[in-house]
Structures are given as structure tokens and as C-alpha cells.
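Index from 1, following the sequence. The analysis underlying the following values was restricted to heavy atoms, covering all of them including side chains, and did not include hydrogens, waters or symmetry mates. For ligands, and for the atoms within them, numbers begin at 1 and follow the listed sequence.
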Amino acid sequence: MRPTFLSSALLCKLFLLISASAKTIQVDWTIDYVQANPDGLFDRRVIGVNNQFPLPRLEGNFGDTIIVNAKNNLDKMTSLHAHGLSFNNNAFSDGAVSVNHCGIPPGKNHTYKLELNEEGTYWFHSHTIADYADGLRTPLIVYPSKNVSEIQYDEDLVMSVSDWYHEEANKLASTVASKENPGGVEPPPNSGLINDIPNPKYKISPGKTYRLRIINFSTMGVFHVKLDRHDMKLVEIDGVTVQPMDVKSIELSPSQRASVIFTAKENTSKNFYILADADPAYYDFVPDYLKLNVTIPLIYDDNSEYEKPEDHLWDTPNDFDIVPLDKVEYKEPDQTFVFVSDIKQLDDEAQHGLINGITYRPPKVPILMSMMTTGDNATNPAVYGPRSNAYVTGFNQTIRIVIDNRHFDPHPFHIHGHKFQVISVSEEKYSEKSKFEPKENWNPARRDTLNVPGYGHAILQFYSDNPGAWPIHCHNNWHMIFGMMGVIVEAPLEAQKMYKFDPESYKEMCALNGFLTSGNGAGREGLDLTGAVDTPSGINYGIHAKGIIALVFCIFLAISGILSIVFYEKQLINKIEFEKASLLDHTSSDSN
Ligand SMILES: *[C@@H]1O[C@H](CO)[C@@H](O)[C@H](O)[C@H]1NC(C)=O
Ligand SMILES: *[C@@H]1O[C@H](CO)[C@@H](O)[C@H](O)[C@H]1NC(C)=O
Ligand SMILES: *[C@@H]1O[C@H](CO)[C@@H](O)[C@H](O)[C@H]1NC(C)=O
Ligand SMILES: *[C@@H]1O[C@H](CO)[C@@H](O)[C@H](O)[C@H]1NC(C)=O
Ligand SMILES: *[C@@H]1O[C@H](CO)[C@@H](O)[C@H](O)[C@H]1NC(C)=O
Ligand SMILES: *[C@@H]1O[C@H](CO)[C@@H](O)[C@H](O)[C@H]1NC(C)=O
Ligand SMILES: *[C@@H]1O[C@H](CO)[C@@H](O)[C@H](O)[C@H]1NC(C)=O
Ligand SMILES: [Cu+2]
């Protein structure tokens, strides 16, 4: 195409602007265990970087590239993933073990390349078992290329919220999976953490305008955040800049982000609090020691007194009222997938996270590598192996995904590689007749993580312009460990043209983590899947009648070994009753 004089001049100017300032930022990270006491209550071993915890923050401007040269000094495999970045043209750096990567073996190095082509608030975390719950996570901030008139502010503030365990979450992941935990209950955290430190506080200056970027690092907790007695305007969700909207409170599910703008008061005679309340409805049970409501000082003057906070009404904006600043109009889908998500028992007498009846098990060859090495057969989902939950899309298509949640737990679903449009979220059971009304000129909210209500459903859409292999999984880390994951195999034939892939160059590193680097899901040619990972399968309802359920929360993501848990049905029923009760409690306290 020959650009016109005007547009080429413009493009040239833009390019010069970006390239003049675009930098490559190199960081050296040695990942290792360190001692830390992040909640001020308990000293423990955590996963840190360069002998530090919390981790160094990653930040850059739009157009920059961050190169992370990571050395794994742990005694086990680990990995790193930049949550929310699209990795367009860069799918091998997404870091999801068994999907587009093999993970970093102990003692080895790997270099991740993060191209900052999307501005906003992201986070960088491990994608291996419970490593991120044990500390391997940090904010990743991409500062805007230009200041839009709607969103003006003087300074950035960053706040992470998360739940925290005193026991190592990686150990919990294996005891959750043993006879020692007969209830099969997801372990409740010991505390809530802000910024991964004991006594976080924010010092602000009168009259200044701030952008507070909030990131939810939680394993399972949902938080409601409010700046007491300050007006908040929502301007970003999950890396998508939105038309400013007045909000009273912000709810964040695990891995979601939001930015709010607020202006500090002119008067420094009082200090205030930021309130971050964990929602008890999302825990199996709330132990006495768990402090749900955390307050963080918002300091104008160290000598001023604190104003007692007003009641915090959890009044979060609805995704359907949020409008992205850049318009992407709603389209009818070209291809639709329905994902029935559930947690059920399979023929190994164990309980698993399921998508369309299949629990994800890592294939012998990471899916992106099969995609690159199976020629035309890459468009056949069977090629990726029987437990890979692979769904193949075309190129440049509008893809619709329906998540039909058949379980009582809500699931915060996350897709790699895309910011999807939120088309519908409903507490009602999904059926073919489930309807939503597309609005005229609709510019639906876009985000990368969406909470799908218990026994409800959600509909989301994205445009398949990013060839690669992208996990779609529940970001409740326990559920992900249970295998609640599928993989979008996006435009495989385009991916083959786009990437040069040499299986040899990955062979050594992958072999150390138990992976092959070419062929189908079994590492063979064509559709010969002899020896592929092919268990467990079948839903065994018979066991219920016998009164005993064995719950094996099977592996996930290339972690070797099976996490298993055995428990009695009675305790499962107790758990369900408990969840119902706490939901009821929550609803009644909310309406007070
Ligand atoms: C491995 O990574 C560490 C930490 O970034 C760095 O200091 C070291 O030089 C790297 N080693 C190699 C062989 O690249
Ligand atoms: C945006 O505005 C802030 C505050 O005035 C300034 O620090 C920043 O450099 C501006 N960014 C750009 C890209 O102009
Ligand atoms: C973070 O996600 C957890 C799990 O869904 C949720 O309980 C918590 O409220 C979220 N936090 C925020 C600030 O939204
Ligand atoms: C600052 O606020 C306090 C209490 O809200 C008030 O008593 C005082 O008069 C105010 N001072 C100024 C300079 O406005
Ligand atoms: C936490 O804050 C919410 C909202 O203000 C309130 O309804 C709830 O009772 C508080 N919970 C506790 C345990 O203090
Ligand atoms: C896909 O979309 C891109 C960007 O709009 C365009 O350059 C390309 O020609 C399209 N390819 C196909 C096969 O539709
Ligand atoms: C695709 O699979 C078929 C059936 O196994 C096989 O005959 C064919 O050679 C395969 N094609 C490629 C390109 O591997
Ligand atoms: Cu879930």
C-alpha cells in the first residue's frame, strides 16, 4: 500500500516520536528464597528476587521494551508471565508453562522480552503452581504515550492488594492434596497484604491530583477499595483506558486492575484512610484471626489527626456502564465456543476442575511448539493431545466464548493474549435461549479477567489477530491447580508464517522440565498420539452413593506429580453449607 503524503508524514512523525524516546530496559533477576515478614505477623521463607522482598517494580513508557534476564536459583522449576500484555508477535515470551513455554529449570537462566505496546496497569508473576502466592509477583506499569485531556493527573501511586499465607502456598498446594486435609477446603489466607509490606502508607500533597493504580495479586480474595471522603473517578480497568466515571468503591477479583483519579484536599488539618475490605463470600470459611478490613493511612501531614472513616458501601460500577476511550464496536461473532466449567469427580476417584468435561493436563510438547511443527495438522485440535483442551480459531475473526459455570464457586476467568469485550454476565444458568441486547453503536467494556458468577454464565468476545497459543483459565489459583484451564490455539497456520521456530534451540531447557519440543501432544508425527497424557477421564457418579469422595486435585501446568486430596462427602456438604451461609451473611450485612 502506498500511503498518501499526509498519512506517511504523520506516520513518520509518530514513528520518530516513539522511536526517539523508546528505550530498552534491561533487568537482571535472580529468583531465590528470602526470609521476610510482609504482614508483620509472621516471618517466613518467601520467593524473592535479588535477595529482596517485595520484588523490584517493573515500569516503562509506552513503546519501551523490558528485557528480564532471569536466573532460577530455586530448587524447582519456575516461570514468569506478564499478566495482561498481548505478546503480539512475541508469543514465546508469554511464559505459560506447557502452553507457550517450558519454564526455567532450577539453576538455569531465561530471558523474557516484554514489549510495552499497551499502556496501563499490569503485573508480572510466576505461572507455576503457587509461586506467585509465595511472593513471585510485582506490578508492571506502562506509562502513557500521551496525556489525554480526559485523564490529567500529577502523580502516580501504585497499590497491590492480596491475601497472604503463613504456610508456604506451594506446601499447601500439596497438603491440600493429601489425607491431612480431608475436607478438601481451599485454605483460607492468614492475612491481607497491601504492597507486600507490613505498614503501607501514602503521603500526599494538598491540591495535587493522583492516579491510584490498584492491582489484585490475590490467590482467592476479592477486595473492595475506597478512598475515604475523597471523590474517585475510574479511568482504567485491566489496562484499558475508560471514559472517566465517578465511583464510590472498586471491586477487584484476583488479577484484576483498576486506576482511579482523585484530587487531594487543600486542607492538611486531617489525615484519612484508604479502605480495602476483603469479601468474606469468597472464602470457604473465615477464621477468627483473619482481619478482613484493612485500612491504609492517606497522610497529608504527619502531625494531623485521622478522620474516622465513613461507612464503606460496596458499590462497584457495573462493567456494562464502563466505556473504553478507544472504541471497538460490537460485532456478531464468526466463531463461538461454549466452555462448560465445573469441578467434578473423574475416574481416578478424584475431583478436578473441568472445561467441557476435561481437566487440563500438560501435554508432552508445549502447545505452541506443536503448533509450529505439525504443518497443516495444526488446525486439528486433536493434534495437541486428549487432555490439552485445545480450541482452534481462524485468523481475523470475531471469536465468542461462553463460560457456562455449573459450580457454586464464582470463577475469575482470564485469557492470555487478548483484552476481551464483556458482552454479558449473568447469575442465570446458561441455555441456548440466554439472550442479551446488543446496544446500538455498542463499545463494550474490555478487560482481561472477568468474574463469572456461581451457577451463572458470561459471554466474551475478542478478535483473533494475535496468532499463538493462549491459556484461558480460572485465576483463583487453587482452581487453576485443580486443572480448570483450556487453550485457545489461535490462527495456527498464520503463526507458522509469523514465527521462526527451531525446536533444537529449546531442546535442552525443555528436557530438563520434562518436555519435548516438536511433534504432536505425544511428541509424535501426524495424528499418532500413542503415549499421550490421557488420564483421568470419565465422570464417575457411582462413588457418591458409597459416601466417599476422593478428591484429587490434579496437577497443573507442567508441575510434575499429582496433588491429591481425599475427603469425605459429609465434609464436602459441610463446605457447601458453609459457603451458602457465608454468602447469606454477606448479603444480609450488605443490605444493612
Ligand atoms: C543469568 O542471570 C543472572 C541474573 O540476571 C545474571 O547475573 C547472569 O549473568 C546470567 N548468566 C548467564 C549465563 O546468562
Ligand atoms: C503527562 O503528564 C505528566 C504530569 O504532568 C508528566 O509528568 C508526563 O511527562 C506527561 N507525559 C507525557 C507523555 O506527556
Ligand atoms: C482480589 O480478588 C479476590 C479474589 O476474587 C477478591 O476477593 C478481592 O476482593 C479482590 N480485591 C480487590 C481489591 O478487588
Ligand atoms: C481545615 O479543616 C478544618 C476541619 O475540617 C477546619 O476546622 C479548618 O477551619 C480548615 N482550615 C482551613 C484553612 O480551611
Ligand atoms: C468491613 O467493612 C464492611 C464495609 O464497611 C462492613 O460491612 C463489615 O462489617 C466490616 N467487617 C468487619 C469484620 O469489620
Ligand atoms: C488480517 O488483518 C490484518 C490487519 O488488519 C491484515 O493486514 C491482514 O491482511 C488480514 N489477513 C487476513 C488473512 O484476513
Ligand atoms: C497429518 O496427519 C496425517 C494423519 O496422521 C498424516 O498422514 C500427515 O502426514 C500429517 N501431515 C503433516 C504435515 O504432518
Ligand atoms: Cu475458579
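- For atom 9 (O) of ligand 1, the protein comes within 4.0 Å by no heavy atom at all.
- Between Glu115 and Lys113 there is a salt bridge, with a side-chain nitrogen of the basic residue lying less than 4.0 Å from a carboxylate oxygen of the acidic one.
- Listed by number with element, the atoms of ligand 1 under 4.0 angstrom from any heavy atom of Asn69 are 2 (O), 4 (C), 5 (O), 10 (C).
- Proximity of Leu292 to ligand 5, defined as any heavy-atom pair under 4.0 Å, is not found for any part of the residue.
- Protein heavy atoms all stay at least 4.0 Å away from atom 5 (O) of ligand 6.
- At the top of the distance list for atom 12 (C) of ligand 1, counting protein heavy atoms only, stands Asn109 ND2, 3.2 Å.
- Arg447 has a carboxylate O that lies under 4.0 Å from a charged side-chain N of Asp319, or vice versa, which qualifies the two as a salt bridge.
- Using a 4.0 Å cut-off between charged side-chain N and carboxylate O, Arg257 and Asp448 make a salt bridge.
- Considering each of Leu275, Leu313, Asn293, the one bringing a non-hydrogen atom nearest atom 2 (O) of ligand 5 is Asn293.
- Judged by the 6.0 Å distance and 45° axis criteria, Arg137 is not positioned over the aromatic ring of Tyr132.
- For atom 13 (C) of ligand 6, the closest non-hydrogen atom of the protein is Phe395 CD2, 3.8 Å.
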Derivation of the ring pair (Phe, Tyr, Trp, His ring centres under 6.0 Å) call for Trp29 and Tyr112: CA-CA 11 Å; Trp29 270 25; Tyr112 293 89; 9.3 Å; no

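- Under a 4.0 Å criterion applied to the non-hydrogen atoms of Asp277, ligand 5 contributes the atoms 1 (C), 2 (O), 3 (C), 4 (C), 5 (O).
- Aromatic rings of Phe501 and Phe92 (six-membered ring for Trp) have centroids within the 6.0 Å cut-off, being under it.
- Close approach of ligand 1 to Asp28 (heavy-atom distance below 4.0 Å) involves ligand atoms 5 (O).
- Considering backbone and side-chain atoms together, Asp311 places no N or O closer than 3.5 Å to any N or O of ligand 5.
- Remark: ligand 1 and Thr30 share no N or O pair separated by less than 3.5 Å (distance only, no angle test).
- The shortest N or O to N or O distance between Asn396 and ligand 6 is under 3.5 Å.
- Considering CD1 of Ile47 and CG of Asp134, their distance stands at 5.0 Å, rounded to 0.5 Å.
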Trace of the salt bridge (Lys or Arg N to Asp or Glu O under 4.0 Å) decision for Asp131 with Lys76: CA-CA 10 Å; Asp131 287 359; Lys76 55 179 277 298; 2.7 Å; yes

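- Where the criterion is an N or O separation shorter than 3.5 Å, residue side chain and backbone included, His312 meets it with respect to ligand 5.
- Using modelled atom types, one side-chain atom of Gln496 and one backbone atom of Met371 make a donor-acceptor pair closer than 3.5 Å.
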